Amino acid sequence: MLRKRIIIGLEHGLQARNATEFVQKASTFESDITLMKNGVSVTAKSIMGVMCIAIRKKEDITLVVDGIDEQAAAKNLEAFLSNKQ
């Protein structure tokens, strides 16, 4: 299991379009992927969950990835969230 602390670098955070793109990316991996913010955890493969925690630019979140492709998933999703693609 990988845990990564990430500061969101996306200009508009994970709102609408970015949230959809993030969930689509997360859904391509077999691993279980969770986002945590202020003690609330949601599955990263659920658009409703991701939208519910309203992640904004410069917020500090935790990405938790557990599974067979966790290394690739963590690297890819961290790059997206940090806006370093």
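Predicted model, so just to flag it, every value in this text is computed and none were measured.
In this structure, the side chain of Gln15 does not engage the main chain of Met51 through any donor-acceptor pair within 3.5 Å.
Annotation for Leu2: hydrophobic cluster partners, listed by chain and number, are none (ILVMFWY side-chain heavy atoms under 4.5 Å, direct or chained). Grouped with Ile7 in a hydrophobic cluster is no other residue, since no side-chain heavy-atom contact under 4.5 Å to another Ile, Leu, Val, Met, Phe, Trp or Tyr is found.
Taking CG from Leu81 and CD1 from Ile61, the interatomic distance works out to 5.0 Å, rounded to the nearest 0.5 Å. Rounding to the nearest 0.5 Å gives a distance of 16.0 Å between CD1 of Ile55 and NE2 of His12. Between the CD atom of Glu70 and the CG atom of Leu77 there is a distance of 12.5 Å, given to the nearest 0.5 Å.
In this structure, Val50 is a member of the same hydrophobic cluster as Val40, with clusters built from ILVMFWY side-chain heavy atoms closer than 4.5 Å. By the criterion of side-chain heavy atoms lying less than 4.5 angstrom apart, applied directly or through intervening Ile, Leu, Val, Met, Phe, Trp or Tyr residues, Phe80 is grouped together with Ile53 in one hydrophobic cluster. Under the 4.5 Å side-chain contact rule for hydrophobic residues, Ile47 and Ile33 share a cluster. Grouping the Ile, Leu, Val, Met, Phe, Trp and Tyr side chains by contacts below 4.5 angstrom, directly or via other members, places Val42 with Met48. The cluster map of Ile, Leu, Val, Met, Phe, Trp and Tyr, joined by side-chain heavy atoms under 4.5 Å apart, puts Val23 and Val64 in different clusters.
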Before you tell me yes or no, could you show the steps for Phe22 and Leu10 under side-chain contact (heavy atoms from CB on, under 4.5 Å), namely the whole-Å CA-CA distance, both residues' side-chain angles and the distance that decides it to 0.1 Å? CA-CA 11 Å; Phe22 176 80; Leu10 299 168; over 6 Å; no

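Considering only heavy atoms from C-beta on, Gln24 comes within 4.5 Å of Thr20 through its side chain.
For Asp66, the side chain to side chain donor-acceptor pair (under 3.5 Å) test picks out no residue, with sequence neighbours left out. Scanning for side chain to side chain donor-acceptor pair (under 3.5 Å) contacts around Asp69 gives Ser31, with sequence neighbours left out.
Across Ser82 and Ile6, no two heavy atoms sit closer than the pair OG-CG2, 3.6 Å. The nearest pair of heavy atoms linking Val65 to Leu63 is CG2-CG, 3.9 Å.
Listed by first and then second residue, the side-chain hydrogen bond (donor to acceptor under 3.5 Å, both in side chains) pairs involving residues 33-55 are Lys37-Glu59 (not counting sequence neighbours). Here salt bridge (Lys or Arg N to Asp or Glu O under 4.0 Å) pairs that include residues 1-13, with residues two or more places apart or in two chains, are Lys4-Glu78, Arg5-Asp60, Glu11-Lys57.
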